[in-house]
Each structure stands twice: as structure tokens, then as C-alpha cells.
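Sequence lines set the chain letters: A, B, ... in the order given, protein chains first and strands last, and positions in each chain run from 1. Everything quoted here is computed from the prediction, not taken from an experiment.
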Number of protein chains: 2
Amino acid sequence: MARRPTIKDIARRAGVSESAVSFALNGRPGVSEQTRARIRRVTEELGWQPNSAARALSGERSGAVGLVLARPAHTLGVESFFLQLVSGIQEVLSAERIALLFQVVEDIEAECAVHRRWWAERRVDGVLVVDPRTNDPRPELLAGLGLPAVLIGGYGGEGDGEGGDGGGGEGPSVSRVWADDTRAMTEVLDHLHGLGHRRIVHIAGLPGLAHTARRVAALRAEAERLGLPAGQVRSVPTDYSDTEGAAATRRVLAEPEPPTALVYDNDVMAVAGSAVAAELGIPVPGGLSIVAWDDSALCRVTHPRLTALVRDTAGFGRLAAEELLAVLAGGPPRARESELPRLEPRESTSPPPAAY
Amino acid sequence: MARRPTIKDIARRAGVSESAVSFALNGRPGVSEQTRARIRRVTEELGWQPNSAARALSGERSGAVGLVLARPAHTLGVESFFLQLVSGIQEVLSAERIALLFQVVEDIEAECAVHRRWWAERRVDGVLVVDPRTNDPRPELLAGLGLPAVLIGGYGGEGDGEGGDGGGGEGPSVSRVWADDTRAMTEVLDHLHGLGHRRIVHIAGLPGLAHTARRVAALRAEAERLGLPAGQVRSVPTDYSDTEGAAATRRVLAEPEPPTALVYDNDVMAVAGSAVAAELGIPVPGGLSIVAWDDSALCRVTHPRLTALVRDTAGFGRLAAEELLAVLAGGPPRARESELPRLEPRESTSPPPAAY
DNA sequence: CAACGGGACTGAAGCGCTTAAGCAACACGC
DNA sequence: GCGTGTTGCTTAAGCGCTTCAGTCCCGTTG
């Protein structure tokens, strides 16, 4: 086990003081180019890397950011969304040598506790917050702690919210990156309506999540605009799991006037739903059209392949990480919109059955 | 933004020295029970938490462990395995207030670089290593750095390997937790053989991974024992992706004498394969039996539901985390076996078609 | 009754780094 | 010749914690 060199070792070898080394390596003025070059050479030779703890202790920066995933264990795992997001986030972070602390917890209370702890322990310089909710306690908590944060998937133009901080009323009080679910949902509905569908059910995700609320609202608004009564076009809530997705599908398909098209809030439920249709002997898309929100391998492995709303999840993660870096650098809170999800038509959508 | 209290604040409020506080809070002797109680009370009041950087700097422990996932981006995401594993790991770690640093990278060289960096920066006290390979460079690297590690999914009783360290030749040179893939594969094959299948193809995962090699070897050995020629029972490699899983399925089903049963090395490929069968009009299980290695929601959402090898992945994670804690506490390297994967028969397996 | 032992606590150093302040050497202008 | 900068470095303090070597006081003991 090799001993790790410190700046003291570098200083000795280069014949200068420790602070000269620190200045040189951090690109600050006060060292001649010549000396700087020599110090850098010695550093290379010794393979020195800054001790993160020492840096954190003096520099007040831990060089790490945190991300908590609050999901009940049974809904974990089958979502492609998450790892893609993380991999995008890390592309940006690791270029800046920032580490990612990751924690999985059961619920949002536990998540808040983790944030408090990280803050108190000075473990992280900032956090990324996923799955924003309606009445989300987290922005307020984080603002209170002064822990820089970026909300991933928040916003819908709903204003600066929690008040106080900003003063002016201009811009959001906490940074966010978001996708325009409202417009995406509108487009999906228009697409299905254009194909001739009039009875459409949206198998929604967890009701408490902000984007679920926005999709539900968008569906209702667009249905109204198209003159479709609420009984024919509506949303039903689930917990995102395959189980509830399948159950909801079974339920609505058993109605006297079943829908001719289903829009699922994630890929897992869409696949589960298409299996239910197969089981019931309902042909897809002949007897039922299916759209999945979020694309993944899943949508491509079913038969027929599922029409899906594709988005660049890794890109979304990159955007979020960039935004967090901007906040850490002292930038003002912003809301940045990612590109609009794109509807990728595959074999699971077609005009409704003629009988209708 | 509240200022975070330090032991100095506690010391002042409790009327003792900082070192008394440190002793009291760390449960060391040298403080009376009375004083200790008082210090604890003040600590509670102030809501103090140790500054992790300061602790790391003096105590030589960072209070964090690392986990790197080296996967090309396109195979990321649809695996339930991973998040389940992490959630199990964290159940154990967070009870000990140990943070998890998580990093996703493209390949194993990048992973090694991350380990080196974490070590040099003293970011982590130890690491968890997933996806062990044949000729894996990581155990040697980590042993060289003196970075405590636990291999997840390694071993098969292949001995202590890399030599040197242990001296005695007793026990492995690095800790591992493992599942007995060999026996599991044997059981799967026996099950299929018992049903009457004689032509069986194993759609394997990445050839470089140690457990793939073990499963392949186990398949061959058991086929031999059962007197089945290598042409009839064999493995074909893939990269675990749905695409290659589907392609391999298509390929073997197009052969003049196609297999009557397929064993997939993960759930995603199994689902993709069952979609290919549907597309080709081959009934499952009537015309083709399918077994998935690793269960997840996926296996339950297809129609028919897939017979799968179930294992307690979160439990596996817990075991790994516990083992890492043991290593950090100075324990000797051990190989701990997790419970044997259990074959959960569902509707995708049956006797082969009578025609055969 | 002085010497001793030990429990309870304090002081100070040190982990590896950053950074404010200090200082020597030199150039410049008047 | 002397102030006034500048440049290029050093010294020292400090981040919050741990830990080791003392110190002090009190009860024992020969």
C-alpha cells in the first residue's frame, strides 16, 4: 500500500513552500511561470491528487453532490429512466471531478432526513432533486438549509412559488430543469384524436407527483378544447408499478364502453397493459391503441412494438448537472427547458376499430 | 442559512473542553457518565452532526464507500438487478451512516481510473465491485492500492487467485459474495430435461463476465452428464441488450432443428425473445419454453408470464455491504455465498411440442 | 502522613489543505 | 536617495475533529 503524497512532499522536492505549491496547482497568481512548471512536473512525478477531506475542510467545498431517490422498494428497478439520467449527470460531473453521492430511500420523509444529514455533515455542496411533487416540502427545506439544489422535472411555468427569497418576483426561487409535459400530452391526444379515437384513458402515475398533475390537467384541457366529454377522456391514477398498471388496464377494458386508446405514464405499465390486452384477446393496435410515455428497450421488445414518447433522458441529466454547477458557481436560479418529448409512432397505434 | 455547530460550540455550552466532547460522543473512557449525559444533551439541542471532512482528515476514515458501474450506455437502464442491489446495500450502509459514492462509466479502464482517483483523493474507505470478469484487472489493482473491496458476484470456489498476499493459500485474497450459478444452471437444465426438452439454447450474457463463463461451463458439464451432445445444448453469447437477445433468438429459431427451450441470462433478453417468438407465430410454451435468469416485473408483465430464476437481489446487496463493513473493521477476506436462486415456474415452460 | 494510583478532564499538536498577511528583492519615478 | 509599487515567494493561522501527553484532585496505602 503506497503512501499517498501530500503537498508537503511536493514542496520539498520542488524546493518551495507548501503555499507556493497550493498557489501553483490552483492556478492563482503569485508564482512565476518557471516555478509553476517545476511544481507541476514534480506533482506529475509523484502522482499527487488533492486529499478531498483536507480540501473540503479548508475550502468549504466538499466536491460532491447528492441525489436521493425516494421510492418504495417495489416500484424500484424496472425504470430505464433513472440510470439513464444518472449517466447523463455524471458525464458532466466527472469532467469537473465532482463525486455523486447516491441514496435510495423509502419515502420523502426519509429523503428529507438524508438531505439534512448531508447538509449537517457537509457531505455535499448541492443536491439534485427528482420526482417533484405538488406541495413538495423539499424546495423549502433546501432553501432553509441554504443547500444549493436543482429540481429535475419540476416547473411548468407555475411561477416562483415559495416566496421570500428572490424579492423581485422575477424567475423561480430554485433552479429547475423541465420538459414540457403539457405540450407533449396535448400532442399525444391530438395524435390519437386525429386517428379517430374518441374514448381515451390515461393510465397516470403517482398522483402526488407534479408532472402527473400537469399531464392530467393537460389531458383534460385538450379534451375540452376538442369537445370530448370528461367521461370519454380521463386519467386514472396508479403507483407506476406493473401491477397497478395491469389492474387499471383490466378495469377500464371491462367497462361497458371501453376506451379505444390508452396512454401510459411509463414504459413498464405500457408493457404490462399490452400483456393484459393479449390475455383478453384484444388485438393491438386493431382493437386497442397504446402509447407509452418514455421510451426504452421495453417498448421495442414487445410485439407489437409500442408507440412511445421519446426523450433524451441522458441529455436531461446533463442539463440538470450543468445547471447545478451554475448554481454552485453562484449563478441565479433558472428554469431551463429541455427539448420536447417526441412521439415515435410504432405498431401499437392505429385508427380505432371500425365497429366504433 | 443556519450556521452549523461544531464541537467547540458544544464544549462551550457544556462547560468542558473540546476533547471531552470528542471523547464523550465517541464513547471512549475518560468522561464521567454525568458529564457524558450533559454533553449528549447539549449535542441534541444544537443538532450537531460531525463534519465529515474534519473526521476524514483526522480519523483517516472518509465514511464513504464507492461503487462503479461500468456499462456501455446502451445496455444501461433496463435492468432491475442494479437498483435492487443498491437499495439492499444502502439499507446496511445508512444504518452505519456511511455514504455511497456512485459512478457510471463506459468501460472497465474508466472504472479503474475512478478507483485510482477515489483512492488518491481518499474519497472512499472501500469499494464494492460488480460484474467480475475472467482475467479481471480490478482485484489486483485494488489490492495494490490497499483499497478494501468486496467483489459482488465473483467466485465459484476457484481458489484465492492472484497470489502473493495471503501467504497461506487458505481463503480468498479478496472478499466476495456470490451465488452458486453453477448449481442454479444445473437445476434449470435438469428441469427442462425433465420436461422432455433435448434441444436447449442458453442465450448468454457478455462473454467476459465471470458468471457468464460459469453458467456456460455448468451448462456444458450438465449436458454431458445427461448425455446430450454439444450441438443440441449450447450457449450463444450476447451483450445483454434486448437487441442482441432478440437477434440471437431469431437466429437459433431459424435453424433447421431449432431448440425447444431457451434460457436467457437476463430478464430483458427473455422478454425480447418472447416477443420474437410471438412475431414468428411460435406459441409459448406450446412451441417453445422460455426461462429467464433474474426475475423482475418484466417477467410478470409479459403474456404468458415467464418462468424465472428468482433471487433476493436486495438481500445480496445487504450481504455485500455487511461484508465490506467486516473488511473495513479489519476482518479477513471471506467468500460468502448467498442463497441459491430459486426456479419460479410460470406459464412459459412446458413439455416440448409432441412433434419433436 | 507522604507517596502513590487512577479517574476525570484539559492542552496542544496534527491531519492536508487554503489563504491572509508579511517580507525580501528589484524596478521605477521624482 | 527615498518612497512606492510589483513580483515572487514564505510564514502562520485556521478549517473541525481526534488523540496523546499532561495536570489536577481525591481516595488508598504502607
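The number of heavy-atom neighbours closer than 6.0 Å to CZ of R38(A), taken from other residues, nucleotides and ligands shown, is above 12.
Contact between the side-chain N/O atoms of R55(B) and the OP1/OP2 oxygens of dG16(D) is not found at any separation under 4.0 Å. Applying the 4.0 Å criterion to OP1 and OP2 of dT18(D), one finds that N26(B) has a side-chain N or O inside that range. When the side-chain nitrogen and oxygen atoms of S22(B) are compared with OP1 and OP2 of dT19(D), none of them lie within a distance under 4.0 Å.
Taking for each of A20(B) and S58(B) the nucleotide of DNA chain C with the nearest heavy atom, the 5'-most of the two is the partner of A20(B). For the pair E33(B) and L57(B), both in contact range of DNA chain C, the more 5′-proximal nearest nucleotide belongs to E33(B).
Checking dC20(D), dG16(C), dC9(C) against the side-chain heavy atoms of F23(B) singles out dC20(D) as nearest. For A54(A), counting side-chain heavy atoms from C-beta on, the closest listed nucleotide (dG11(C), dG16(D), dC17(C)) is dC17(C). Here the nucleotide nearest the side chain of T6(B), chosen from dC17(C), dC20(D), dC17(D), is dC17(D). Proximity note for T35(B) (side chain, C-beta onward) versus dC9(C), dC17(D), dT10(D): the nearest is dC9(C).
Atom pair L46(B):CG and dC17(D):P shows a separation of 12 Å (rounding to whole Å applied). Between N51(B) atom CG and dC15(C) atom C1' there is a gap of 13 Å when expressed in whole angstrom units. Nucleotide dT19(C) holds its C1' atom 13 Å from the CD atom of E18(A), rounded to whole Å. In this structure, CZ of R36(B) is placed 9 Å from P of dC9(C), rounded to the nearest angstrom. Taking atom CZ of R12(A) as the reference point, atom P of dC17(C) lies 12 Å away to the nearest angstrom. dG7(C) atom P lies 16 Å from atom CZ of R28(B), rounded to whole Å. The CD1-P distance, from I39(B) to dT18(D), rounds to 12 Å in whole Å. For K8(B) and dA12(C), the NZ to C1' distance is 13 Å, given to the nearest whole Å.
Within the 4.0 angstrom heavy-atom criterion, base atoms lie near S17(A). Backbone-only contact: P50(A) has heavy atoms under 4.0 Å from sugar-phosphate atoms and none from a base.
Counting heavy atoms from C-beta on, the side chains of L25(A) and W48(A) come closer than 4.5 Å. You'll find the side chain of I98(A) reaches within 4.5 Å of the side chain of L325(A), heavy atoms only.
Evaluation of atom-type donor-acceptor distances gives no pair under 3.5 Å for the side chain of S32(B) against the base of dG7(C).
A salt bridge does not link R41(A) to E44(A): none of the charged side-chain nitrogens sits closer than 4.0 Å to a carboxylate oxygen.
Within the model, atoms OG of S52(B) and CG of L57(A) stand 9.5 Å from one another, a figure rounded to the nearest 0.5 Å.
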